[in-house]
Amino acid sequence: MSEFWYNNFRVVGGCIIKKKFVIFISVTLGLSILILIGLFISLYLNQSFKITNFKKIIEIPYNSTFANNQGDACYGNVFKCDPVSIIQEGDVDTSKIGEYIIHYTYKFADKTITKEQTVRVKDYDKPIIEVIDDNFAICPNSKYTNFKVTAYDDYDGDLTDKVKQFIDNKQVVFQVDDSSNNRTEVRKDLTLIDDEKPVLTLNGDANIYLKINEKYTELGAKAMDNCDGDLTEYIQKTGKVYNTIPGEYDITYEVVDSSGNKASIVRKVFVYQEQNTENPTAKSIYLTFDDGPSAYTSKLLDVLKKYNVKATFFVTGYGLSKGYDDVILRAYQEGHTIGLHTDTHEYSIYKNIDTYFNDLYTIQEKVKNITGYTSTIIRFPGGSSNTVSRSYDNGSKIMSQLVKAVEAKGFTYFDWNVSSGDAGETTSTTKVFSNVISGLGKHNYSIVLQHDTKGYSINAVEDIIKYALSKGYTFKPLTTTSPTAHHHLNN
Ligand code: ZN
């Protein structure tokens with residue numbers, strides 16, 4: 001094979017094309033090497049901070065630990081990366097929910113870079129609702145409920161006041177949100193029921209007393225229902241008062257709620273007329289008042305006078321010594337009977353016959369000095385049936401002796417067959433009234449025991465009189481020929 005140069009090209013085997021290709025490859029290779037060298041140099045020189053696993057926004061539960069959120073950082077190039085120092089600015093109070101900004105400064109030699117991180121401290125736990133009530137019965141027409149519940153949140157504390165309750169599809173729903181909008185909901189099945197009747201209340205008194213021909217004024221009643229509220233306008237009233245005819249009239253008020261529960265209440269109207277002492281009825285009442293006179297006796301006399309009612313006062317020397325002599329004189333002058341109770345009202349008078357009579361004659365004398373009247377109408381302290389005398393009489397059965405002795409000496413003793421209960425069982429005017437009127441119905445004649453030393457008892461007298469007049473009773477003072485209502489002796 002010949003070889004020579006032609007125009008600076010080497011000719012091998014006489015082929016010029018091959019020569020050009022060699023030149024092309026050579027130049028390409030040379031350039032590539034230059035580029036690679038440049039690239040290598042550039043990579044080597046390109047040093048920077050490399051930060052990985054860094055989150056711009058993180059969320060953590062409150063009360064958790066906040067640490068190591070700066071990511072992984074170094075400074076260098078692809079061949080080598082050196083550790084850097086990191087300074088954290090700002091902190092997170094994990095006990096308080098909210099947003100916190102943290103700055104991290106990464107530092108290598110004189111180079112620094114800063115990154116910002118937003119930390120959200122959150123409450124992920126729902127509040128707890130505790131339902132206290134265990135009976136979920138409500139009115140059929142209820143629009144809201146008011147059951148007892150409590151609510152507690154681990155972050156907000158007591159949320160009881162924030163609990164909403166409402167009715168949804170025959171259930172009561174209890175709902176509460178905490179400050180982070182975590183919602184708790186509890187549902188309970190409701191029972192729709194109304195088995196309570198309305199409450200009827202009379203306007204004015206339950207007992208009304210009308211003097212004959214006096215006009216009856218209807219005061220009506222009020223009705224309140226647990227479910228329906230005010231039902232006053234639905235009250236049905238029945239009954240009529242004939243104010244020209246003495247007697248007892250019932251006015252009945254009735255109301256029914258929307259569930260059919262019915263209530264009723266009755267007002268009693270008593271039409272009375274002043275008693276006609278000329279023609280007394282067979283049914284007699286003897287009002288008797290023991291232990292006085294007292295501060296209440298004058299008022300009592302006013303009431304008796306108003307209705308032209310005569311009564312009997314079994315007086316004591318104790319009351320007289322208090323300066324009420326004029327009251328007894330007035331009672332006597334107004335036609336009441338002044339009976340003798342005792343002078344001292346001490347149970348020691350039952351020691352023996354003489355002691356008793358000494359006391360009795362003393363009060364008899366005092367009454368005579370005031371009124372000029374020698375009373376022989378008496379009542380034993382405690383009544384003839386008393387058992388207290390046993391404590392004083394040394395077994396002599398003093399009451400058995402006395403009931404004979406007083407009669408032998410011309411006295412007439414009276415017990416009673418209707419007790420007002422004012423000696424100790426009650427201190428209520430209403431109860432005194434009801435005790436007396438229930439007692440009246442049990443006897444052909446009634447001797448009623450009250451005490452004019454008890455204000456609450458005296459306050460019942462006017463209604464007792466009006467009631468009895470409406471029923472046609474006649475009030476009478478005791479006389480020596482009156483029935484005596486003697487008790488069984490217990491000594
Ligand atoms: Zn007495």
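Side-chain atoms are counted along with the backbone in the values below, which use heavy atoms only and exclude waters and symmetry mates. In each ligand, atom 1 is the first atom listed, and ligand 1 is the first ligand listed. This structure is a prediction, so every number in the text was calculated from the model and none was measured.
- The ring pair (Phe, Tyr, Trp, His ring centres under 6.0 Å) check on Phe174 picks up nothing, with sequence neighbours excluded.
- For the salt bridge (charged side-chain N to carboxylate O under 4.0 Å, His left out) condition, no pair includes a residue of residues 153-163, sequence neighbours left out.
- Around the Zn ion (ligand 1), the protein atoms of type N, O or S that sit closer than 2.8 Å are Asp291 OD1, His341 NE2, His345 NE2.
- Cation-pi check for Lys283 over Tyr445 is not met; the charged atom does not lie both under 6.0 angstrom from the ring centroid and within 45 degrees of its normal.
- If you take CD1 on Ile208 and NZ on Lys466, they are separated by 9.0 Å, rounding to the nearest 0.5 Å.
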### Residue pair Lys96, Val121: steps toward the side chain to side chain contact (heavy atoms under 4.5 Å, CB included) verdict
CA-CA 7 Å; Lys96 282 188 185 137; Val121 176; over 6 Å; no

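- Applying the ring pair (Phe, Tyr, Trp, His ring centres under 6.0 Å) test to residues at least two apart or on different chains, the pairs with a partner in residues 366-393 are Tyr332-Tyr373, Tyr356-Phe380, Phe380-Tyr413.
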